[in-house]
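Report on the following structure.
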Amino acid sequence: MKVTKLKKKSNNKTLNQGLFIVGVMILWELVARAQWFPVLLFPSLSSVFVNLLTELVNGEIGGRLLFSLYLIGAGLGLAVVTAAVTATSALISPIISDWVQALMAVLHPLPGIAVLPIIILWLGTGPQSIIAVIWFSSIWPLITNLHTGLRSVPATQMEAGRNLGLKGIALIRFILLPGAFPYILTGLRVAWARAWQASVAAEMVFGASGGEGGLGWFIYKKRFFMEIPSVFGGMIVIILVGLLVERLCFEWVEVRTIRRWGMTSE
């Protein structure tokens, strides 16, 4: 009964969001056709989709997308492993916890793109530099949420787990991780968004070695040649990928875990 109710809410949310997006698209097309702005700078949505279809057919935008997802996957994967080790160490040792909190206070507010000049000097202008920027941008929300989530698990739950004979890995798996899961999922959501932002921003600064790059480089190149419909097309692809990952990954997991367990009011 509860699962059915959650699915109904999810369907209503999808419908409302779909209607909003359709409304924005119609408004965009009407404003563009009214020519209140220069056509070169504000093309119609129909011309944007025509250019986007052309880029998809010739395979360029698909290749750029796959390259961006590869960079994001590598950077985000490294960030997840680093954050897990760091948060676990901070949970075990109060001294490490103090160090981690001091490190987050200093580096968390620093945008990933701000460390780009140093990373270029250290690693050059290849894909490894973009991965490093993605790692730096996404690791801090992961550490913050993991650190907070693991410490938010009530001591009574820990004691109950120990009374049931759980310890070590079993205690982490069945008590700590489920209790901290809302924070973990939030950290992954924020880290995913920051990884996209860092990837696009870094590629728009220097692209990647050998003339290869992802969607950020694609947008920068099209902007340089004033192919504005293709610029908007690249942005639309980024938005669509973000929506798909949010709905098919994060929200799917949230509905079947956090909401189902009653850990949220929604």
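None of these values were measured; they are calculated from a predicted model.
- Counting only distance, with no hydrogens or angles, the side chain of S199 and the backbone of A195 share no donor-acceptor pair below 3.5 Å.
- Rounding to the nearest 0.5 Å places CD1 of I236 at 12.0 Å from CG of L215.
- Tracing side-chain contacts under 4.5 Å through hydrophobic residues (I, L, V, M, F, W, Y), one reaches I239 starting from F218; they form part of the same cluster.
- For the side chain to side chain donor-acceptor pair (under 3.5 Å) test, residues two or more places apart in sequence or in another chain that qualify with W135 are T82.
- Here N58 contributes atom CG and L53 contributes atom CG; the two are 10.0 Å apart, rounded to the nearest 0.5 Å.
- Considering only heavy atoms from C-beta on, L110 comes within 4.5 Å of F136 through its side chain.
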Report all side-chain donor-acceptor pairs from residues 98-107 shorter than 3.5 Å, counting only partners two or more places apart or in another chain.
| residue | atom | partner | partner atom | Å |
| --- | --- | --- | --- | --- |
| Q101 | NE2 | S97 | OG | 3.2 |

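- Looking only at side-chain heavy atoms (C-beta outward), P117 and L121 stay at 4.5 Å or farther from each other.
- Counting heavy atoms from C-beta on, the side chains of F49 and P229 never come closer than 4.5 Å.
- Applying the salt bridge (Lys or Arg N to Asp or Glu O under 4.0 Å) test to residues at least two apart or on different chains, none of the pairs has a partner in residues 109-138.
- Within the model, atoms NE2 of H147 and OG1 of T86 stand 10.0 Å from one another, a figure rounded to the nearest 0.5 Å.
- When every heavy atom of T88 is checked against every heavy atom of A84, the shortest pair comes out as OG1-O, 2.7 Å.
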For residues 174-185, dump all side-chain donor-acceptor pairs below 3.5 Å to protein atoms at least two apart in sequence or in another chain.
none

Worked check of ring pair (Phe, Tyr, Trp, His ring centres under 6.0 Å) between F224 and W217 = CA-CA 10 Å; F224 183 81; W217 180 245; 9.3 Å; no
Go through the steps for T144 and H108 under the test side-chain contact (heavy atoms from CB on, under 4.5 Å), then give the verdict.
-> CA-CA 9 Å; T144 300; H108 193 183; 3.6 Å; yes
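- For R223, there are no salt bridge (Lys or Arg N to Asp or Glu O under 4.0 Å) partners at least two apart in sequence or on another chain.
- Note that CG of L240 is 12.0 Å distant from CE of M235, once rounded to the nearest 0.5 Å.
- Counting all heavy atoms, side chain and backbone alike, A198 lies closest to I134 at CB-CA, 4.0 Å.
- Nearest approach of L52 to G233, heavy atoms of both residues: CD1-O, 3.8 Å.
- L66 is not connected to V57 by any chain of hydrophobic side-chain contacts under 4.5 Å among Ile, Leu, Val, Met, Phe, Trp and Tyr, and they are in different clusters.
- In terms of heavy-atom proximity, F232 sits nearest to P43 at CE1-CD, 3.5 Å.
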side-chain contact (heavy atoms from CB on, under 4.5 Å) evaluation trace for I92 with I96 = CA-CA 8 Å; I92 295 173; I96 296 179; over 6 Å; no
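- Atom OG of residue S47 and atom CD of residue E29 lie 7.5 Å apart, to the nearest 0.5 angstrom.
- When all heavy atoms of L65 and W196 are compared, the closest pair comes out as CD1-CH2, 4.1 Å.
- Residue pairs that meet the salt bridge (Lys or Arg N to Asp or Glu O under 4.0 Å) test with at least one member in residues 38-56, sequence neighbours left out, are E55-K222.
- Identified under the salt bridge (Lys or Arg N to Asp or Glu O under 4.0 Å) test for residues 141-156, with sequence neighbours left out: none.
- The stretch residues 114-133 participates, sequence neighbours left out, in no salt bridge (Lys or Arg N to Asp or Glu O under 4.0 Å) pair at all.
- Criterion: ILVMFWY side-chain heavy atoms under 4.5 Å apart, direct or through other members. Under it, V190 and I113 are not part of a common hydrophobic cluster.
- Of the inter-residue distances, the one linking S44 atom OG with L30 atom CG reads 11.0 Å to the nearest 0.5 angstrom.
- Residues that satisfy the side-chain contact (heavy atoms from CB on, under 4.5 Å) test with A191, not counting sequence neighbours, are L76, S138, P141, L142.
- A pairwise comparison of heavy atoms in L123 and S129 identifies CB-OG, 3.5 Å as the closest pair.
- Among residues two or more places apart in sequence or in another chain, the side-chain contact (heavy atoms from CB on, under 4.5 Å) test is passed with F20 by V24.
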Verify side-chain contact (heavy atoms from CB on, under 4.5 Å) between I72 and I131, making sure each step is shown before the conclusion.
-> CA-CA 7 Å; I72 291 171; I131 293 173; over 6 Å; no
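- Residues I228 and M226 form a side-chain contact, since some pair of their non-hydrogen atoms from C-beta on lies under 4.5 Å apart.
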Could you give me the CA-CA distance, side-chain angles and deciding distance for W252 and R247, then say whether side-chain contact (heavy atoms from CB on, under 4.5 Å) is met?
-> CA-CA 6 Å; W252 184 87; R247 298 308 304 274; over 6 Å; no
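- Counting only heavy atoms from C-beta outward, the side chains of F67 and E203 approach each other to under 4.5 Å.
- Within a 6.0 Å sphere centred on CZ of F42, heavy atoms belonging to other residues, nucleotides or ligands number more than 12.
- Residues passing the side chain to side chain donor-acceptor pair (under 3.5 Å) test with E246 are R189, sequence neighbours excluded.
- Every residue two or more places apart in sequence or in another chain was checked for a ring pair (Phe, Tyr, Trp, His ring centres under 6.0 Å) with Y70, and none qualifies.
- Under the 4.5 Å side-chain heavy-atom criterion for ILVMFWY residues, no single connected hydrophobic cluster contains both I26 and V50.
- Residue-environment remark: CG (L244) exceeds the threshold of 12 foreign heavy atoms within 6.0 Å.
- Counting heavy atoms from C-beta on, the side chains of I21 and L243 come closer than 4.5 Å.
- Taken together through direct or relayed side-chain contacts under 4.5 Å among Ile, Leu, Val, Met, Phe, Trp and Tyr, V81 and L91 form parts of separate hydrophobic clusters.
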